[in-house]
There are 2 protein chains.
Amino acid sequence: MLPDEADQAQRFEKARSAQAGALLEDYVELIDDLLGSGGEARPTDIARRLGVSHATAIKSIARLKREGLATSKLYRGVFLTPEGHDLAARVRARHRLVVDLLIAVGVPERCAELDAEGIEHHVSEAALAAFARFLEAKRK
Amino acid sequence: MLPDEADQAQRFEKARSAQAGALLEDYVELIDDLLGSGGEARPTDIARRLGVSHATAIKSIARLKREGLATSKLYRGVFLTPEGHDLAARVRARHRLVVDLLIAVGVPERCAELDAEGIEHHVSEAALAAFARFLEAKRK
DNA sequence: AATATATTGTAGCCTGTGCTACATTCTAGG
DNA sequence: CCTAGAATGTAGCACAGGCTACAATATATT
């Protein structure tokens with residue numbers, strides 16, 4: 001049984017737009033991690049951790065700046081704006097919740113970390129809330 | 001605590017390559033659905049259901065053909081090769097499993113369908129197996 | 001201080017996936 | 001049969017996100 005045409009189109013549309021934001025989220029979270037663990041967020045480090053060339057990282061950082069999530073000056077490290085920091089916090093919380101849920105349903109920990117990286121960008125607020133409830137219930 | 005640099009790069013790499021295959025999977029699954037429900041898979045229908053222009057759909061269909069997943073002749077509908085059909089079957093099974101798992105942990109059904117569209121492309125075989133075990137255990 | 005190395009930034013290319021506009025072909029109604 | 005409208009296909013554009021190669025700057029070593 002095929003779903004309604006418009007519904008289906010909307011589903012795919014949502015998945016596409018989620019994907020469009022995924023890159024920004026990954027960068028912001030990583031930068032926040034780097035800044036948080038006592039160091040700076042330097043383009044080369046960011047590039048290495050994301051597994052891309054430094055040129056690619058710099059272009060993406062430029063996009064972060066365009067979108068008001070980060071700042072940087074020539075030959076200085078990258079910093080987050082308040083908006084960027086907020087986004088990072090939300091993304092990190094979501095990431096944890098996704099990993100925890102995967103583990104709770106029996107996914108091996110290492111695998112949960114791997115899969116969560118791709119999954120997290122597509123989990124809605126409603127689903128996150130459900131995850132939290134499920135984990136809470138299970139904990140008792 | 002930051003993860004190991006190489007591990008982290010590998011995670012992102014995996015997520016990127018999963019994303020690269022996602023579009024093909026969506027098309028193949030949809031085409032199989034259309035063919036399966038008694039009709040043809042026409043480019044215009046495919047485009048409408050995916051929420052993209054017909055030109056975009058046709059270009060993606062060309063890619064499916066390049067990759068040996070589909071066939072079509074000028075002004076005829078699209079068909080799947082055996083490889084395409086196999087992929088569609090795997091994708092559909094995975095989709096169902098993801099939706100069922102989301103529902104099982106308390107995500108509202110409609111939301112589960114929405115989120116699954118994006119999530120499914122990032123769920124590894126190991127995680128799928130865990131989902132199946134979890135659902136089986138819960139069913140009893 | 002001078003130079004070698006590492007880091008940062010720029011330029012230009014490719015591919016993928018959107019789009020609109022236009023051309024072609026099919027198909028149905030008159 | 002022939003013409004109007006739908007469907008299909010093509011061309012060309014934009015943007016994102018990869019890459020390599022090169023240029024510029026900063027840092028470290030001698």
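Just so it is clear, the values below take in all heavy atoms, side chains as well, and ignore hydrogens, waters and symmetry mates. Note that the structure is predicted; figures quoted are calculated from it, not measured. Proteins come first, then strands; the chains are lettered A, B, ... in the order of their sequence lines, and each starts at number 1.
To the nearest angstrom, P of C:dC26 lies 8 Å from CG of B:L74. In this structure, A:H121 atom NE2 and D:dG17 atom P are separated by 12 Å, rounded to whole Å. Between B:Y75 atom OH and C:dT25 atom P the separation is 6 Å, expressed in whole Å. Rounding to whole angstrom units, OH of residue A:Y27 and P of D:dA16 are separated by 13 Å. Distance, B:E40 CD to D:dA7 P: 12 Å, rounded to whole Å. Rounded to an integer number of Å, the gap from NZ of B:K73 to P of D:dG9 is 13 Å.
Chaining together hydrophobic side chains whose heavy atoms lie under 4.5 Å apart places B:Y75 alongside B:L74. Through chains of ILVMFWY side-chain contacts below 4.5 Å, B:V99 is grouped with B:I103.
Contacts between residues 13-26 of chain B and DNA chain D, counted as heavy-atom distances below 4.0 Å, involve B:R16. Taking every heavy atom of residues 47-55 of chain B and every atom of DNA chain D, pairs under 4.0 Å involve B:H54, B:A55, by number. Listed by residue number, the members of residues 57-67 of chain A with any heavy atom below 4.0 angstrom from DNA chain D are A:K59, A:R63, A:R66.
The main-chain N or O of A:T56 is found under 3.5 Å from a side-chain atom of A:S60 such that the two form a donor-acceptor pair.
Legend: residues meeting side-chain contact (heavy atoms from CB on, under 4.5 Å) with B:R133, ordered by chain and number and at least two apart, are B:A129, B:A130.
The pair A:R110-B:D7 meets the salt-bridge criterion, since a charged nitrogen lies less than 4.0 angstrom from a carboxylate oxygen. Contact check on B:D33 versus B:R49 returns no salt bridge, with no Lys/Arg side-chain nitrogen under 4.0 Å from an Asp/Glu carboxylate oxygen.
In this structure, A:T44 reaches the C:dT8 phosphate: one of its side-chain N or O atoms is under 4.0 Å from OP1 or OP2. Residue A:R42 has a polar side-chain atom (N or O) positioned under 4.0 Å from OP1 or OP2 of C:dT8. Close to C:dC19, at under 4.0 Å from its OP1 or OP2, lies a side-chain N or O of B:T56.
Each of A:E29, A:E25, A:E117, A:E125 was evaluated against A:R94; a single residue qualifies, A:E25, per the salt bridge (Lys or Arg N to Asp or Glu O under 4.0 Å) test.
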